[in-house]
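Report on the following structure.
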Protein chains: 2
Amino acid sequence: MSKRTEKTIVDIAEELNLSVSTVSRALNDNPNISARTKEKVKKMARKLGYRPNALAAGLRNNKSKTIGLIVPRISMFFPATISTIIQNKLQEYGYHLIICQSNDSYEQEIALVNTLYSARVDGLVVSTTLYTTDFSHFDIFRTNNIPVVFFDRVPKDYDVKVIKGDDYLGGYLATSHLIERGCRDIVHISGPLSCNLYVERVAGYKKALQQHQIPVRKNRLFYQELTRESAWQTCKKIFSQKPYPDGIFASNDTTAITVMEYCRTIKVKVPEELKIVGYSNDPRTEIISPPISSVDQYPAMMGERVVAALMELINSPTAATKFTPEIIPIQLLERESSAAPVKHGRKKK
Amino acid sequence: MSKRTEKTIVDIAEELNLSVSTVSRALNDNPNISARTKEKVKKMARKLGYRPNALAAGLRNNKSKTIGLIVPRISMFFPATISTIIQNKLQEYGYHLIICQSNDSYEQEIALVNTLYSARVDGLVVSTTLYTTDFSHFDIFRTNNIPVVFFDRVPKDYDVKVIKGDDYLGGYLATSHLIERGCRDIVHISGPLSCNLYVERVAGYKKALQQHQIPVRKNRLFYQELTRESAWQTCKKIFSQKPYPDGIFASNDTTAITVMEYCRTIKVKVPEELKIVGYSNDPRTEIISPPISSVDQYPAMMGERVVAALMELINSPTAATKFTPEIIPIQLLERESSAAPVKHGRKKK
DNA sequence: TTGATTTTTGCAAACGTTTGCATAAATTTA
DNA sequence: TAAATTTATGCAAACGTTTGCAAAAATCAA
């Protein structure tokens, strides 16, 4: 390995016959350094092509100006959008973002938590895996007063800052909408109940049914990983015998899209014979035909709230207090997949 | 800021009456440490809950076991897929990945390069912005013998390791396919020529036309940012006067999808009146109706080749030699958007 | 001009880990 | 048993930056 060519503050100090501490303070705009000295130092730094060594500064400060983000997958629309918003906002505060993927594996999430701690990130932002029910691997951050913010998929009984969509209301609105559009036999395809987010959407689904005196039928509720493959298998079950349902509320858009595709193969017309509502407003729901109704979770707003909460925690390192969950509004976007029946009657003049 | 509770190797050394150098060597499986000592050290480390400080090790070694990745946007299908593959492969080698987005901004790319250098990443993987034509900001990595690998959007005259799809062939196949399906008036919507990848796809387009004695018409070639908005504006131009083209080859799928949507609004039938081919096999091309033909770039293969090349460079830090570009195959996926005309004739018995 | 006060800078140590070289301890050989 | 050789461990310094405390320099007031 050839010798490094990198300049350090020692080089600057020698060129100007100053101490390294003066150079460091000048480069960091310390108020106790004269403007004249500061100017000389910065000029020489530019002349020598000096670049700071973040590892050294981080070691000394025990801070890295870096935030760790753990999401299940960046190929999913919602996490990718939020990641982008978070990165752009953090940049305004001079922080850098390390994006990590758990691939929905609990073991990988633990490894990532340890790795990010070892890298001394100044804060952690997490959307958990589908299967994370024990959150003790995050204790190391909380014990050391390093801020942690959870978003979307969040812990249930773990006192930490949480920012989530209104999942209960989302499930309620999606189901009520289907009912308003005439559906009386509504399937709900949910994610696994190990993840609290889906528990709430199911609760919203049940509430809407109850409010309209529609019985909750256990064989119209499915719990699964929300992948295309799982959705396809679930469709086989749903449409294996008549009577078919007249509405389906899917807890993510990949599932809703798959239901649509399955109906195409068995010649069930959407929305005439079956109405569909998805979740998260994935861009695909707009371009598919017919476009799919979906619950929008405002990822941009969530991303911004996440960063604001994180900055607040970083800048006010008081002892941990009780955290109140922060709820981001949701909105049902009605599209053709759940359109009202077309009236075939004509009034005579 | 409260006092840290973290244990260091000094704590382990004191507990066992060993030197810190022995503890360090034991934890790193140095062959000069006895198995008995190694076991005692590792056991005590576990007992004390020791976690290494990556900043300290990185500073001492001038290595961080971290790779920096710069892509235009992670919300785009191709970069997101490659990022995921790269991260998973790097994990097998004990490396961590920092994913950064340039948001297609040259200035942001420069800032990210400097930041990643400051963080002392052991290697850099880059897909450049649309507008990067001066690559000197990467010199700092090459001067310091830190491996750099470019993929997809790559430099043209800059001696560095490059892994890219066969863009020339992709443009050629897409256009030939349209010709074989009967198109004679083919539009090509390209990205900006500041990016070499699009230069090659245009060249393939032109070659296919020439081989079939179809004149290249300048008003059937468009250069733009490949966004939905730009594509919509371009469609307005294309379909502002007759005769309309009978085929469109778009240099990315977002553009192809937008063309399809535009045709729906002006009642141009796809594929009967206009055939469409996109690029990158975005999942949306499959679920839209009719499904869009698209050039698949095998992102998984590309991601694996990127990591393999990077590992080779990291493990063989010889002086820079001439690099040969590595070409990843592509394949045209024919779908209904470019289907052959349906024959309406019936033979009489 | 001298003393008091304020501003600016330097010394030395800290941060946690790794490793070259020297030395101590253990093992082998004569 | 002594000498030679091998194995295992310790000392000290390195890595680049930051900062508490002390001291030097500059400025102000009497």
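We name chains A, B, ... by the order of the sequence lines, and we start the count at 1 in each one. Keep in mind that what you see is a predicted model, and the values were worked out from it rather than measured.
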Listing time: all N or O pairs from protein to nucleotides 24-28 of chain C that are below 3.5 Å?
none

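Side-chain rings of A:His137 and A:Tyr106 approach one another, their centers coming within less than 6.0 Å.
Atom P of nucleotide D:dG20 and atom CG of A:Asn61 are separated by 11 Å, given to the nearest angstrom. When rounded to the nearest whole Å, the span between CD1 of B:Ile9 and P of D:dG10 equals 12 Å. Distance B:Tyr50 OH to C:dG16 C1': 7 Å, rounded to the nearest Å. A:Asp29 places its CG atom 13 Å from the P atom of D:dT19, with the value rounded to the nearest Å. C:dT19 atom P lies 12 Å from atom CG of B:Asn62, rounded to whole Å. Across the protein-nucleic acid pair, B:Asn53 atom CG and C:dG16 atom P stand 7 Å apart, rounded to whole Å. Here C:dG16 presents its P atom at 12 Å from CG of B:Leu59, a figure rounded to the nearest Å. Between the NZ atom of B:Lys63 and the C1' atom of D:dG16 there is a distance of 17 Å, given to the nearest Å.
Residues A:Asp29 and A:Lys42 have side chains in contact (heavy-atom distance under 4.5 Å, counting atoms from C-beta outward). Looking only at side-chain heavy atoms (C-beta outward), A:Val154 and A:Thr128 stay at 4.5 Å or farther from each other. Side-chain contact between B:Phe138 and B:Val160 is absent, with no heavy atoms from C-beta onward closer than 4.5 Å. Between A:Lys7 and A:Ile12, the closest side-chain pair of non-hydrogen atoms is not below 4.5 Å.
Annotation: proximity of residues 35-44 of chain B to DNA chain C (heavy atom, distance under 4.0 Å) is found for no residue. If you check residues 14-26 of chain A against DNA chain C, the residues with a heavy atom closer than 4.0 Å are A:Asn17, A:Leu18, A:Ser19, A:Ser21, A:Thr22, A:Arg25, listed by number.
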Please evaluate residues B:Tyr95 and B:Gln87 with respect to the criterion side-chain hydrogen bond (donor to acceptor under 3.5 Å, both in side chains), reporting the C-alpha separation (whole Å), side-chain torsions for both, the decisive distance (0.1 Å), and the verdict. CA-CA 8 Å; B:Tyr95 279 87; B:Gln87 178 171 326; over 6 Å; no
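Between A:Lys47 and A:Asp11 no salt bridge is recorded (no basic side-chain N to carboxylate O distance below 4.0 Å).
Counting all heavy atoms, side chain and backbone alike, B:Pro72 lies closest to B:Ser127 at CD-O, 3.6 Å. In terms of heavy atoms, A:Ile67 sits closest to A:Leu310 at CG2-CD2, 3.6 Å. Of all non-hydrogen atoms in A:Gly303 and A:Ile82, the two that sit nearest each other are CA-CG2, 4.2 Å.
Between the side chains of A:Thr129 and A:Thr132, a donor-acceptor pair is found at a separation under 3.5 Å.
The phosphate of C:dT9 has neither OP1 nor OP2 within less than 4.0 Å of any side-chain N or O from A:Asn32.
Among the atoms of the strands shown, only primed sugar atoms or phosphate atoms (P, OP1, OP2) are found under 4.0 Å from some heavy atom of A:Asn28.
Position along DNA chain C of the nearest nucleotide to B:Arg51 versus A:Ser34 favours A:Ser34 as the more 5'-ward residue.
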